[in-house]
Amino acid sequence: MTGNDWPLWEVFVRSRRGLSHSHAGSLHAPDATMALRQARDLYTRRSEGVSIWVVPSSQVTASSPDEKDSFFEPAADKPYRHPTFYEIPEGVRHL
Amino acid sequence: MTTAPAVGNATDTADSGTGTGTGTGIDPRLAAFDAAVAADSRIEPRDWMPDAYRATLIRQMAQHAHSEIIGMQPEANWITRAPSLRRKAILMAKVQDEAGHGLYLYSATETLGAARDELLDKLHTGRQRYSSIFNYPTLTWADVGAIGWLVDGAAITNQVPLCRCSYGPYARAMVRICKEESFHQRQGYELLLALSRGTPAQHAMAQDAVDRWWWPSLMMFGPPDDESGHSAQSMAWKIKRHSNDELRQRFVDICVPQAEILGLTLPDPALRWNEERGSHDYGPIDWTEFQEVLRGNGPCNEQRITQRRRAHEEGEWVREAATAYAAKHEGVRK
């Protein structure tokens with residue numbers, strides 16, 4: 001491994017307490033410690049975060065865009081999972 | 001399921017193709033791509049996309065990333081000579097931002113399958129370009145102000161529509177960049193205002209900087225619409241949302257009243273309000289100069305690339321040390 005092929009890391013930033021970490025971007029770094037430091041300099045120069053996760057990009061398992069229709073299809077024909085599916089008479093409150 | 005970093009940078013991008021018909025009609029993958037673009041949806045890294053769309057994005061995004069990195073040089077030239085600690089701190093923060101912008105854009109370009117070292121190599125060997133605006137020298141302190149106001153101002157005018165670009169990673173990088181650029185533009189304007197309202201010598205220095213940066217800034221929008229080779233296809237793909245001339249006009253109209261408040265003159269005798277068009281008319285642009293700078297004959301082309309290569313080579317031992325340290329500690333953990 002030379003300086004030019006450091007692994008890629010995905011960076012997740014928690015913008016403030018109470019919120020979950022969200023994906024901010026990615027960067028190259030030789031190890032996790034350097035990835036964290038570089039993520040701080042790259043993605044939180046304006047106090048955008050109170051916590052950072054870095055994950056090697058190669059460790060992310062993703063669903064494939066090619067199978068998106070069949071993969072997510074089971075949810076498509078179940079509108080009764082949404083509250084708007086149900087008809088409730090006018091005047092019923094707190095429901 | 002496949003293992004690939006789909007959240008951000010997929011190196012194993014999905015198959016792409018020329019999108020030619022399969023014989024039984026239009027390729028369904030091309031139809032899905034066209035439908036997504038038409039619906040103002042976003043194309044993401046592992047989606048199928050036409051080869052030409054991918055190549056156009058790599059060319060444009062790499063050039064954009066390189067511009068941010070080369071753009072650090074003309075301003076860094078003044079860090080040691082900033083007139084106050086306040087101005088020095090501001091300028092260092094701005095130059096650091098430019099490095100950050102370059103890195104966001106390199107990462108976004110890598111989602112298309114271009115490797116980082118390959119991109120840097122193409123910059124260093126002149127096979128990919130950067131914005132020709134950075135081949136002009138920064139002769140006085142006022143140039144730092146003119147770059148912030150005019151060069152960053154033109155860049156913002158170009159970049160705001162890119163926040164809605166059809167390619168997701170590029171659009172997301174641009175949202176972040178545009179937020180940060182507005183500080184760049186305002187610090188430049190404030191700097192010029194201080195000089196303009198200062199001593200007669202300071203005022204003259206500000207005017208001279210605006211005189212030199214105005215026309216190159218207008219050229220940043222690229223050739224006129226009828227001579228712009230890539231424009232029509234980029235607009236059809238919604239990579240680009242407005243034509244070069246449209247954005248240039250918008251920039252001129254924004255700058256005229258700002259120059260008045262600065263108390264500085266824009267160096268164009270033909271510049272005047274056109275009631276009928278509801279816009280300012282401006283004089284002809286000297287495109288031969290633009291072409292010369294593009295060809296490598298600008299005042300600083302050689303210097304910028306030499307400096308970039310030197311910075312990269314001089315950083316080699318740091319990269320090697322970090323790599324060795326990582327390898328050593330990886331060994332300890334095992």
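Letters A, B, ... mirror the listed sequences (proteins, then strands); counts begin at 1.
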What is the distance from atom [atom1] of [X] to atom [atom2] of [Y], rounded to the nearest 0.5 Å?
{"X": "A:Leu8", "Y": "B:Arg116", "atom1": "CG", "atom2": "CZ", "value": "8.0 Å"}
{"X": "B:Arg46", "Y": "A:Ser63", "atom1": "CZ", "atom2": "OG", "value": "6.5 Å"}
{"X": "B:Thr323", "Y": "A:Asp5", "atom1": "OG1", "atom2": "CG", "value": "8.0 Å"}

**Item:** Side chain proximity check, A:His28 to B:Tyr106, heavy atoms < 4.5 angstrom
**Value:** no
**Item:** Heavy-atom check, side chain of A:Arg46 versus side chain of B:Lys179, under 4.5 Å
**Value:** no
**Prompt:** Do the side chain of B:Ser107 and the main chain of A:Ser26 share a donor and acceptor less than 3.5 angstrom apart?
**Reply:** yes
**Message:** For A:Arg45, I'd like to know if atom CZ has over 12 heavy atoms of other residues, nucleotides or ligands within 6.0 Å.
**Reply:** yes
**Over 12 foreign heavy atoms within 6.0 Å of CZ, B:Arg127** = yes
**Request:** Could you look at B:Glu44 and say if it's the side chain, the backbone, both or neither that has a heavy atom under 4.5 Å from chain A?
**Result:** neither
**Message:** Before you tell me yes or no, could you show the steps for A:Met34 and B:Tyr325 under side-chain contact (heavy atoms from CB on, under 4.5 Å), namely the whole-Å CA-CA distance, both residues' side-chain angles and the distance that decides it to 0.1 Å?
**Reply:** CA-CA 10 Å; A:Met34 286 297 287; B:Tyr325 183 86; over 6 Å; no
**Complete:** Closest non-hydrogen atoms of A:Trp6 and B:Arg319, given as atom of the first, atom of the second and distance, are CZ2-O, 3.5 Å
**Request:** Counting only heavy atoms closer than 4.5 Å, note whether A:Glu48 contacts chain B via side chain, backbone, both or neither.
**Result:** side chain
**Request:** Could you look at A:Ala29 and say if it's the side chain, the backbone, both or neither that has a heavy atom under 4.5 Å from chain B?
**Result:** neither
**Asked** Would you call A:Asp31-B:Lys328 a salt bridge at under 4.0 Å N-O?
**Response** no
